Amino acid sequence: MVEKKINTVYDVVCPFCGTLCDDLEVDVNIKENLVVEVRNACQIGTKKFFSSNPSPHRYEKPLIKDNGTFKEVSWDEAIDIAADILAKSKRPLLYGFASTECEAQSKGVELAETLGGILDNTASVCHGPTLLAEQDVGVPTSTLGEYKNRADLIIFWGSNPVHAHPRHLGRYSQFVRGYFRKDGRNDRFIIVVDPRNTHTAQIADLHIQVNPNEDYELMNGIRAMLRGVELDAKMISGIPIEKIKELIKILKECKYGVIFFGMGLTQSLAHHRNIDTAICLTRELNDYTKFLITPMRGHYNITGANTVFTWNTGYGYSIDFSRGYPRYNPGEFSSVDLLMRDEIDASLIVASDPASNFPAASVKNLFKHPLISVEPHHTPTSENADIILPAAFAGIECEGTAYRMDHVPIRLRKVKDAPGECLTDREILEKLILKVKEKLGE
Amino acid sequence: MPEIKLKLKKQPDFPLEADVISPDNLAGKSTAEIKNLELYVANEKTTIGEFFSVSGKSGDAKELKIIIDGNLSKVKRIGEKMTDGEIIINGNVGMHVGNQMSGGKILVNGNADDWAGAMLKGGELEITGDAGNYVGAAYRGFWKGMGNGVIRVKGKVGHEALTWADGSVVAKRFPTLYCGSAGSFLGMHGHGATIVVEGDVDRCAGADQVKGTIVIKGKVSRLLPSYKKIGEVKEIDLFNGEKITGKFIEYSGDHSVKKNHNVIDKKTNKVKISVNGRLYIAA
């Protein structure tokens with residue numbers, strides 16, 4: 001009998017963006033434990049699968065910084081030193097968790113509570129404002145399957161799925177044929193609101209080129225005009241009133257509309273107030289037709305991080321355990337603000353790279369204190385870490401649960417084994433919790 | 001009159017949570033007892049005596065005056081939930097000063113950080129310098145913010161001051177803010193706030209305001225499109241009975257709120273502009 005060399009795994013879930021495509025096919029060379037081919041995924045997802053193969057960019061053994069250079073150590077030694085740093089610190093920051101599975105996130109909550117530290121995830125620098133707005137005014141939302149089968153008006157507000165969520169358009173929002181939208185793209189009207197002429201705007205039916213940072217005023221004007229209030233202004237945020245009237249007609253006459261919004265709303269000036277008014281607009285449009293709103297979440301399991309943190313502590317992100325019980329206040333306990341004010345003395349970064357995304361001043365303060373990085377790859381954060389704990393890729397090298405951007409949990413699959421001595425994020429955090437508890441005498 | 005003096009001895013490494021420092025908690029206690037009251041720094045417990053020198057004599061909360069000296073910019077939550085008495089802070093103060101207080105008076109001779117007087121229920125908070133963001137605002141997720149009381153800030157207040165204010169003329173609750181100048185989203189989601197600004201205001205003043213009065217004696221960087229001009233006025237009546245004179249342009253709004261633009265005049269069949277909140281900007 002010929003020995004089987006290539007194993008094909010079907011229905012693999014892509015652990016890259018919040019779209020969480022679940023129809024991938026991955027060919028794995030069993031003998032050498034390598035991904036050799038990925039079908040159905042977008043370019044970014046494909047690259048992620050290939051990046052799990054052993055390469056100079058991949059950590060395979062625990063490393064500790066010694067006089068500026070990394071030296072390989074055993075897992076026991078690495079965990080012991082890491083636990084020592086955490087147990088001795090008074091205000092440790094646990095950050096990241098967006099690109100790992102829910103079980104590991106849950107362990108992160110346990111560790112933060114044991115340490116009396118601060119727990120934060122990457123929503124703090126991406127869709128955190130969305131959560132704030134949802135807490136203020138609620139949210140009318142639905143799952144992506146509903147949109148696929150029913151929506152005939154799609155609005156992308158401050159998001160560019162062609163680049164950020166490449167298969168979103170094909171699977172849920174634009175080209176796909178749905179039960180009531182049998183003709184796919186022709187049955188849907190696409191509006192893009194963006195200051196830039198993005199690639200998504202180029203394939204849309206209508207592009208509203210709003211002035212940068214003036215989305216709030218535009219939505220505010222639309223909300224007033226929706227009910228026939230004649231406004232004093234002739235132009236709102238660079239859009240003439242006549243054009244807004246046309247837009248409102250389209251909004252009112254659709255059968256089923258949905259707003260997908262991205263970082264163009266959450267991270268431009270006005271932040272959560274943009275989302276606040278976008279949700280109010282959606283709610284008020286329901287007086288005329290069916291309208292819903294969904295955030296375009298970035299990391300594949302950031303929705304899961306918010307969900308897991310919420311069912312464990314009551315809050316989605318920016319949680320402080322320093323007084324023994326969870327408290328929540330973005331701005332006070334969110335990572336960037338803490339680092340800007342230099343209010344931490346150690347950090348554990350799990351599956352994230354704040355050094356590439358945070359403001360330079362806060363990254364400087366992050367590097368000032370002991371930094372433990374749980375990370376499969378070389379990143380600017382891990383390169384400046386004191387301890388690197390090599391992790392397996394969740395969704396490629398270990399199983400787990402992840403939440404899609406519409407809060408649908410999907411089981412991630414394992415396609416191959418992790419190289420070297422890599423452990424899963426969950427195992428690493430479990431080891432840390434045990435060691436920390438031992439050191440704290442619990 | 002009973003008086004207690006606290007002086008900060010050393011700067012904490014991490015923010016010091018001093019919610020215990022209020023006339024209610026310090027009333028009737030000896031200096032030794034006060035020194036043993038708990039504070040929190042990072043994930044550790046500490047005491048007032050560790051960080052403050054304590055002198056003076058305590059007494060009834062109603063008459064008690066607490067004077068705190070030093071740079072308190074890392075000390076949070078002074079005067080949290082206080083109901084009576086007086087606190088005088090000589091120096092800058094950290095976050096959450098006087099949050100949720102329902103009576104008494106706090107005077108800050110310096111600047112205050114974010115969330116000063118958040119969700120105030122009564123009493124008076126005076127800040128002689130600048131204040132941070134979220135002055136008198138509702139905490140995250142609360143639909144009812146400042147219910148009553150007065151906040152006076154000589155300098156600038158940051159963004160989103162007095163969000164979700166919850167006043168009522170019938171119940172005689174008048175959440176009021178007087179300030180030098182203000183950041184964006186002043187009085188957002190207001191339900192009966194009174195805000196008087198001596199200087200300029202950033203964008204989106206009175207966004208989503210259901211009712212309330214905002215008087216701006218300077219300029220607004222960008223007025224919301226959903227505010228409609230009514231005309232010029234020479235005198236403004238505030239909810240609390242005060243009068244302001246001067247030349248102002250009167251706007252009604254926020255017309256984007258469903259509650260507001262629902263009101264249609266039966267005679268003219270047009271949207272009534274006389275029912276909702278008001279924004280006055282110096283002419």
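In this text, all values refer to a predicted model and were calculated from it rather than measured experimentally. Lettering of chains follows the sequences in order, A, B, ..., and the numbering in each one begins at 1.
Contacts between B/S184 and chain A at a heavy-atom distance below 4.5 Å are absent for every atom of the residue. With a threshold of 4.5 angstrom between heavy atoms, B/A207 approaches chain A through its backbone and through its side chain. The contact between B/H189 and chain A is made entirely by side chain atoms (from C-beta outward), counting heavy-atom distances below 4.5 Å. The parts of A/E230 that come within reach of chain B are both its backbone and its side chain, each placing non-hydrogen atoms under 4.5 angstrom from that chain. At a 4.5 Å heavy-atom cutoff, the contact between B/K76 and chain A is made by side-chain atoms alone. Neither the backbone nor the side chain of A/S237 has a heavy atom closer than 4.5 Å to any heavy atom of chain B. The contact between A/D287 and chain B is made entirely by side chain atoms (from C-beta outward), counting heavy-atom distances below 4.5 Å. If you measure heavy-atom distances from A/I344 to chain B, the contacts under 4.5 Å come from the backbone alone. Contacts between B/Y227 and chain A at a heavy-atom distance below 4.5 Å involve the backbone alone (N, CA, C, O). Looking at A/Y328, only its side chain comes within 4.5 Å of chain B, counting heavy atoms on both sides. Neither the backbone nor the side chain of A/R283 comes within contact range of chain B, judged by heavy atoms closer than 4.5 Å. For A/L115, the part sitting under 4.5 Å from any heavy atom of chain B is the backbone (N, CA, C, O) and nothing else.
Checked by atom type and distance alone, the side chain of B/R140 pairs as donor or acceptor with a backbone atom of A/P330 at under 3.5 Å.
Residues of residues 117-133 of chain A lying under 4.5 angstrom from chain B, judged on non-hydrogen atoms, are A/L132 in numerical order.
Taken from NE2 in B/H255 to CG in A/L226, the straight-line distance is 15.0 Å, to the nearest 0.5 Å. Taken to the nearest 0.5 Å, the OG1 atom of B/T163 stands 5.5 Å off from the CZ atom of A/R273. Atoms CD and OG, on A/E284 and B/S256 in that order, are 7.0 Å from each other to the nearest 0.5 Å. Separation of atoms CG (A/D276) and CG (B/D208) is listed at 6.0 Å; rounding is to 0.5 Å. Taken to the nearest 0.5 Å, the CE atom of A/M225 stands 11.5 Å off from the OG atom of B/S226. In this structure, CG on A/D136 lies 5.5 Å from CH2 on B/W164, to the nearest 0.5 angstrom.
Around atom NZ of B/K45, no more than 12 heavy atoms belonging to other residues, nucleotides or ligands sit under 6.0 Å away. Dense packing is recorded around NZ of B/K10, with more than 12 heavy atoms of other residues, nucleotides or ligands lying under 6.0 Å away. In the displayed structure, B/F142 atom CZ is contacted under 6.0 Å by at most 12 heavy atoms of other residues, nucleotides or ligands. Heavy-atom neighbours of B/K144 NZ from other residues, nucleotides or ligands within 6.0 Å: at or below the threshold of 12. The environment of NZ in A/K88 is sparse: at most 12 heavy-atom neighbours from other residues, nucleotides or ligands sit within 6.0 Å. For B/W143, the CH2 atom counts as loosely surrounded, since its 6.0 Å shell holds 12 or fewer non-hydrogen atoms of other residues, nucleotides or ligands.
The existence of a salt bridge linking B/D19 and A/R323 is confirmed by a sub-4.0 Å separation between a basic side-chain nitrogen and an acidic carboxylate oxygen. Between A/E217 and B/R203 there is a salt bridge, with a side-chain nitrogen of the basic residue lying less than 4.0 Å from a carboxylate oxygen of the acidic one.
Under the rule for a side chain to side chain contact (heavy atoms under 4.5 Å, CB included), the partners of A/A87 that lie at least two apart in sequence or sit in another chain are A/K439, A/L440. Residues forming a side chain to side chain contact (heavy atoms under 4.5 Å, CB included) with A/M235 (at least two apart in sequence, or on another chain): A/P240. Considering only residues two or more places apart in sequence or on other chains, A/L348 meets the side chain to side chain contact (heavy atoms under 4.5 Å, CB included) condition with A/L86, A/L94, A/L111, A/V350, A/I372, A/V374, A/L429, A/L432.
Contacts with chain B were tallied for A/E343, A/R341, A/E332; A/E332 has the most, counting heavy-atom pairs under 4.5 Å. Contact tally against chain B (heavy-atom pairs below 4.5 Å) for A/N329, A/D320, A/T277: the top residue is A/N329.
Residues A/D232 and B/K229 share a closest heavy-atom pair of OD2-N, 2.8 Å. Residues B/N43 and A/S89 come closest through the heavy atom pair ND2-O, 4.0 Å.
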